[in-house]
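Here is the structure we will look at, set down as C-alpha cells.
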2 protein chains.
Amino acid sequence: MTVGRKCPVETTVDVTGGKWKPMIIYRLLDGPRRFGELRRLVGDPSQRSLTMQLRELEADGIVAREVFAEVPPRVEYSLTPFGQTLAPVLMAMRDWGVAFQERRLSTKG
Amino acid sequence: MTVGRKCPVETTVDVTGGKWKPMIIYRLLDGPRRFGELRRLVGDPSQRSLTMQLRELEADGIVAREVFAEVPPRVEYSLTPFGQTLAPVLMAMRDWGVAFQERRLSTKG
DNA sequence: CGGGATCCTCACAGATACTG
DNA sequence: CAGTATCTGTGAGGATCCCG
C-alpha cells in the first residue's frame, strides 16, 4: 500500500480506491458474505479482480477472510472491527449518491 | 459520466473517483483556487490531468470555473453549492485517513 | 466453489511542446 | 498563466485455463 505521510484524504483513497472496494465494503456492512455472493452483489467483477481487491483490503485490516473446511468449499468475507469504522464514509457516499441521482432528474442531465 | 440507475455508492465513485478528484474537492472546500495554485495543493499532477479532472467535475456540476480577463491570465476554480454538499464525504474520508495513519503506528508497521 | 497463474488490453496519467 | 495537442507508458482490471 505504501501510504506514507500524506494528506489523510489521499490515504483513504489509497485504501478504499480501486474500482470495487467501496462497493465491497458497503455490501459487507450488512454482514459476512461468501465469495460468489459478494461478487454478484458488487456488480460481477472478474474473479481475479475481486480476489485482488479483497486481498488488499485484508492486508489493510479492513476485511477478514474465513475458510470453512467444507465440500463444496466455502469462504466468507466480513468487515473487521476496524473495517466497520469506514461505515461513516460509505454512508456519506451513499447519501450523496442518492442526492446526485435525484439532482439529475430536476436539472438537465 | 453515464451514471445510470445503479447503487448510490457507485454513483458517488463515478463522480468523485479519479486519481485527483477527492483532493481537488477537498482543497476547494477552503475556497476558490487558481489553476496553478490548486495544482500544487493537490500534489502536482500534470496540467493535462488536472484540466481533465476539473472539466469532469465541472460537467457534473461540482466545480465552477471563472475566467478573469487579465494579464497574466487568471482562472479560478471553486465548488458550486452542489459541490459543497460533498463536504460530509470528504470530511469522513479525512477523519478516517487520520485514524488509519495512527493505526499504522500502533499495530505492526 | 474459490482462487492461483497467465496473458492481454485499454483507460488513464505523465511528459513534452506549442498557443492565446 | 492556463491551457491544448500528441505521444508514450503503466498497471488495474478482464478473460481464460487449471487446480484443490
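Residue numbering restarts at 1 for every chain, and letters A, B, ... go by the order of the sequence lines.
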Just by distance, do the side chain of Thr12(A) and the backbone of Gly97(B) share a donor-acceptor pair under 3.5 Å? yes

Do Val42(A) and Tyr26(A) make a side-chain contact, defined as non-hydrogen atoms from C-beta onward lying under 4.5 Å apart? no

Chain B contact limits on DNA chain D, taken 5' to 3' with a cut-off of 4.0 angstrom to heavy atoms: dC1(D) to dT6(D)

Here the residues of residues 44-54 of chain A within 4.0 Å heavy-atom distance, strictly under, of DNA chain C are Gln47(A), Arg48(A), Thr51(A)

If you look at every heavy atom in Arg103(B) and Asp60(A), which pair is closest and at what distance? NH1-O, 3.6 Å

Residues forming a side chain to side chain contact (heavy atoms under 4.5 Å, CB included) with Pro73(B), sequence neighbours excluded: none

Give, ordered by number, those residues of residues 22-32 of chain A having at least one heavy-atom distance below 4.0 Å to an atom of DNA chain D; if nothing qualifies, reply none. none

For residues 81-96 of chain B, which side-chain donor-acceptor pairs fall under 3.5 Å, sequence neighbours excluded?
from, atom 1, to, atom 2, distance (Å)
Thr85(B), OG1, Trp96(A), NE1, 2.9
Thr85(B), OG1, Phe82(B), O, 2.4
Trp96(B), NE1, Thr85(A), OG1, 2.9

Donor-acceptor pairs are to be reported for all side-chain atoms of residues 61-69 of chain B against protein atoms at under 3.5 Å, with residues two or more places apart or in another chain.
from, atom 1, to, atom 2, distance (Å)
Arg65(B), NE, Tyr77(B), OH, 3.2

Output all residues satisfying side chain to side chain donor-acceptor pair (under 3.5 Å) with Ser46(A), sequence neighbours left out; order by chain, then residue number. Ser49(A)

Helix axis bend for the helix from dC1(C)-dG20(D) to dG20(C)-dC1(D) - C1'-based end axes, five pairs, 10° rounding: 50°

Quick check against the 3.5 Å criterion: does Glu76(A) have a side-chain atom that pairs as donor or acceptor with the backbone of Pro32(A)? no

At 4.0 Å (heavy atoms only), tell me whether Arg55(A) reaches a base, stays on the sugar-phosphate, or touches nothing. sugar-phosphate

Specify the closest pair of heavy atoms between Asp14(B) and Lys21(B), including all atoms of both residues, with the distance to one decimal. O-NZ, 4.3 Å

Please list, in 5' to 3' order, the outermost nucleotides of DNA chain C lying under 4.0 Å from any heavy atom of chain B. dA13(C) to dG20(C)

Proximity to DNA chain C (any heavy atom under 4.0 Å), residues of residues 63-78 of chain A only: Arg65(A), Pro72(A), Pro73(A), Val75(A), Tyr77(A)

Could I get the full list of side chain to side chain donor-acceptor pair (under 3.5 Å) partners for Glu58(B), not counting sequence neighbours? none

State yes or no: do Leu29(A) and Val15(A) share one hydrophobic cluster built from I, L, V, M, F, W and Y residues joined by side-chain heavy-atom distances below 4.5 Å, directly or via other members? yes

Kindly indicate, with the supporting measurements, whether the criterion side chain to side chain contact (heavy atoms under 4.5 Å, CB included) is fulfilled by Arg34(A) and Val75(A). CA-CA 6 Å; Arg34(A) 300 184 56 167; Val75(A) 179; over 6 Å; no

With heavy-atom distances below 4.5 Å as the criterion, would you say the side chains of Met23(A) and Cys7(B) are in contact? yes

Among residues at least two apart in sequence or on other chains, which ones pass salt bridge (Lys or Arg N to Asp or Glu O under 4.0 Å) with Arg33(A)? Glu37(A)

Taking the side chain as every heavy atom from C-beta outward, state whether Leu54(A) and Leu38(A) have any atom pair closer than 4.5 Å. yes

Locate the shortest heavy-atom distance separating Trp20(A) from Pro45(A); write the atom from each residue and the value. CE2-CB, 3.3 Å

Would Val9(B) and Ile25(A) count as a side chain to side chain contact (heavy atoms under 4.5 Å, CB included) here? Give the steps. CA-CA 10 Å; Val9(B) 170; Ile25(A) 299 164; over 6 Å; no

